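For clarity, every value in this text was computed on a predicted model and none was experimentally measured. So you know, we letter chains A, B, ... as the sequences are listed, proteins then strands, and number each from 1.
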There are 2 protein chains.
Amino acid sequence: MPTLQDVANLANVSTATVSRVLTGQTVHTENKEKVEKAIKELNYKPNTVARNLRRKKSNLIIALMPDVKHQFYSEIIRGIEEEALKAGYNVLIGSNTFESDQELRHFELLEGSQADGIIVGTSQVKQELLEEVSKRKPVVLVNGHLTGSNIPSISIDNERASYVMTKHLLQLQHKRIAHVMGPSNTMLARERLKGYKRALREAGVEFDKELVYEGDYFFHSGYEIGKRILTVQETVDAIYSTSDEMAIGIIRALTEKQIKIPQEISLVGFDDITISKYSYPSLTTIHHPRYEMGKKSFNLLLKLLNNKKIGKKHIFLEEDLVVRESCGAAQST
Amino acid sequence: MPTLQDVANLANVSTATVSRVLTGQTVHTENKEKVEKAIKELNYKPNTVARNLRRKKSNLIIALMPDVKHQFYSEIIRGIEEEALKAGYNVLIGSNTFESDQELRHFELLEGSQADGIIVGTSQVKQELLEEVSKRKPVVLVNGHLTGSNIPSISIDNERASYVMTKHLLQLQHKRIAHVMGPSNTMLARERLKGYKRALREAGVEFDKELVYEGDYFFHSGYEIGKRILTVQETVDAIYSTSDEMAIGIIRALTEKQIKIPQEISLVGFDDITISKYSYPSLTTIHHPRYEMGKKSFNLLLKLLNNKKIGKKHIFLEEDLVVRESCGAAQST
DNA sequence: TTGTATGCGTTATCAC
DNA sequence: GTGATAACGCATACAA
C-alpha cells in the first residue's frame, strides 16, 4: 500500500502539501495537479486509521440494538444510517442478542476511540454502565428512557399511544379487551399496560387482570396466547396486542379455529410493520415512527458530538392510529 | 483519556512493559500487579486506533448487504456476526439501498485499512470493482457468484432448489404453474427460472411464458401479481413464488377474493422466513440456510484473512423443501 | 503557499 | 525480563 510519503516523493513535494491537497486546503494549482497525478498513478488511498489517530476522531458511531432481525429495529437503524451518511459518519451496528459480553465489546470500541459515540436501543444494558460511559463519550438512548438520568433519549409516549389504542376499542363499544403485553420486567411493556388501564378507568370499565397476557413480541408467543384466549373466547370482545408480530400469531391461532376477525372478535396491534398491511385481515395498529426515531436519535447524537447543548433531555415523538380491517364495532349482545 | 504512558509512569515501569501486560506476554508477577493496579486506578482503556495503526489490523470486517430490513439478509448477518465474535472480529454492516456512493464509502473503509475484509451480499456492486479490490483485500461473496471470477463465494444452488420446488408441484399433478420471479436482470432470478423450466421439460410440460410474472421479492409486488393472476385464474393450477414475502402478498390478494388456498389453487414460496409458518395457510417453501450461509461466509473470509488456501472457489449449501399447508394435490378436472 | 519537524498512542526491535 | 527507541501513516504548528 502506497503512503502519503510515496505520493510526496513521486510528486516532488512535501508530505504536508499532499496532506493539504487531500484535505482541500489551498495549494498552488500546479502542485495540486502534480499531487493528484501521483495519487492516481500509485492508486493511493489514505489510511484512515492513521488519520483517525491523528485527528482523534473516527467518524464512526455504534448503534447497539437488541435484535437486528426484528423489523422494528432495522427501521430505526435505517433512519440512523441515512442521517449518519449525510453527516459523514459510518454506523457500526451491534446486536446484543447473544452472550452479554458481546455488548461490552462494543463499549470497548467506544472507549478505545474506535467509535465516536453510541446510540443504544436496548433496555438490556445496565444503567450504571450507560451513565459511566456517558461521562466520557456521547450516548443517546432510543426507544426508551431512563428515569432520573441525564442521558438524552427519544421515544414515543408509550403510555399515551396505548391509551389512544385502548380508547379506540372502547369507543367501538368493546368492554372485555384482552391486553397482550411484552415482558413485564421492561418499562416499555409496563407503560403500555398503564395506558390501557387509564383508558379503561376513564371509560368506567373495570380492569380485569385475567385479561392480561404476557408475551415476548414475537410471532410464536402471539400464536400461543391466541390459543389460550380461544379457551375463554366468549368472555373477550377484543384483543389488543402490543406488537404486530404477536397480533399476526393471534390471527393464525384464531383463523385455525375458524374464528372470524373482526366479526367475532376484534384485534389490534402495535408497531405497524410492513406485513400488517398484507395480513388477512389487515391490522389496525399504532404506527410507530421508528424510521423518524432513528433519524432523530442520530441528530441528537450529532449535537453531542459537536458539543452543542441539547434542550430537552427526552424527546417524545407522535404516534399514529392506523385503522384497517382487523377491528370493528362490538356486536350488540 | 489516560494513555499507556500514564500507566507506565504510575506503575514505574516502561511503556513496553505495560504493553506486554496488555498483550499477555511474560512479565514478572510483581510488575504485572503494579501495572494492573495502575490501569484500574486510571481507568485506562487501550486506544485501539493507535493499536490498529501499529498492528496494521483492525479486527473489523464489513458485511455489505442490499437491505438490512429484509429478514433474509438479517439472518445472514446474524450468522456472520456470531462467527466473527468467536474469532474476535467486529462487523460493520453496510446497506447499499440508498445512493450508490454509500457503497463506495464502505470500500473506502476497507482500502483505508479501517477494515480487514469484506463480505458482499449484493449483486448491485460492479464486478470490476470487486475484482479490483479483491487483489488487495480479502473479499467473499455471499448468496451469489460471479462467473469467471476468482472471488470465493457461497450460495445455495438456486437452479437446483427451483427445480426441486417445481418438481414437487408437478408430482402433485399441477400442470399450469405460474412462476413469480425476481428482477429478471439478476442472475439469481434467472437461475430460479432455469430450474423451473428444467423441471417442466423433464415432466413433459410445455413452458408458457404467459405464466411468468416479474416481481421484486417484496410483499407489495406479490399482492399486485396475485391480483393479476386472479384475472386468469382458471388457467392456473398453482403459483410458485420465488420469495415468501411475495407469496404472502399473493395470499392476501387471493383471500380478498375468497379464493381458497390450496383447495382452489396451490401456492409455494421460497426462503422460509419466520412468518411463513404463521401465515394462513402456512407456506410450503424452500428453506434457505441463510444463517448457515452467513456463518460459512465468515469462515471463508477468515481463511483469507489468515492467508490460508481455499479449496473450492464456490461453495454450494443444501436447501430443504418444507411442506406446509399452502400446497396440495391438483384437483382432478 | 510551502516544507520541516513533531506527535497522535501503541507495538516491535533492539540491546542489556 | 526489561527499557529505550523507532516506527505505523497522517495532520498540523511553526518557520520560512
* **Separation of atom CG in A:Asn52 from atom C1' in D:dG9, rounded to whole Å** => 11 Å
* Is A:Asn31 near enough to C:dT2 that one of its side-chain N or O atoms lies under 4.0 angstrom from OP1 or OP2? -> yes
* Answer yes or no: is there a side-chain heavy-atom contact under 4.5 Å between A:Leu22 and A:Arg51? => yes
* Using heavy atoms to find the nearest nucleotide of DNA chain D for A:Gln5 and B:Val27 separately, return the residue whose nucleotide is more 5′. => B:Val27
* To do: Report the distance from atom NZ of B:Lys34 to atom P of D:dG1, rounded to the nearest whole Å.
  => 16 Å
* CE of B:Met1 versus P of C:dG9: gap in Å, rounded? -> 11 Å
* Asked: Quick one: which of C:dT1, D:dT12, C:dG9 gets closest to the side chain of A:Ala16?
  -> D:dT12
* Asked: Side chain of B:Thr3: nearest nucleotide among D:dA11, C:dG9, D:dT2?
  -> C:dG9
* To do: Quickly work out the B:Gln114 CD to D:dG9 P distance and round it to whole Å.
  => 15 Å
* Asked: What nucleotide, of D:dC10, D:dC14, D:dT5, holds the atom closest to the side chain of B:Thr15?
  -> D:dT5
* Given D:dT2, is OP1 or OP2 found less than 4.0 Å from the side-chain N or O atoms of B:Thr17? -> no
* Round to a whole Å and report the spacing from CD of A:Gln25 to P of C:dG3. => 14 Å
* Greater than 12 external heavy atoms within 6.0 Å of A:Lys296's NZ -> no
* B:Arg55 or B:Ser14, whichever maps to the more 5' nucleotide of DNA chain D -> B:Ser14
* Nucleotide nearest A:Arg20 (side chain, heavy atoms from C-beta), chosen from D:dG3, D:dA13, D:dG9 -> D:dA13
* **d(CG, A:Asn47; P, D:dG9) in whole Å** => 7 Å
* Closest to the A:Leu53 side chain: D:dA11, C:dT10, D:dG9? -> D:dG9
* Would you classify A:Val18 as touching base, sugar-phosphate or nothing, given that sugar-phosphate means primed atoms plus P, OP1 and OP2, and contacts are heavy atoms under 4.0 Å? => nothing
* Taking the side chain as C-beta and beyond, is there a heavy-atom pair between A:Thr3 and A:Asn47 under 4.5 Å? -> no
* Heavy atoms under 4.0 Å, any strand shown: does A:Val49 hit a base, just sugar-phosphate, or nothing? -> nothing
* To do: Please say which of B:Arg136, B:Lys56, B:Lys57 ends up in a salt bridge (Lys or Arg N to Asp or Glu O under 4.0 Å) with B:Asp116.
  => B:Lys57
* To do: Please name all residues satisfying ring-ring contact (aromatic ring centres under 6.0 Å, His included) with A:His314, sequence neighbours left out, ordered by chain then number.
  => A:His145, A:Phe316
* Asked: With distance as the sole criterion, do the side chain of B:Arg51 and the base of C:dT10 form a donor-acceptor contact below 3.5 Å?
  -> no
* To do: Assess the pair B:Tyr89 and B:Phe298: is the distance between their ring centroids shorter than 6.0 Å?
  => yes
* Asked: Looking only at side-chain N and O atoms, does B:Lys56 come under 4.0 Å of OP1 or OP2 in C:dT11?
  -> no
* Interatomic distance, A:Glu30 CD vs C:dT2 P [rounded to whole Å] -> 8 Å
* What is the distance, rounded to the nearest whole Å, between atom NZ of B:Lys57 and atom C1' of C:dA12? -> 17 Å
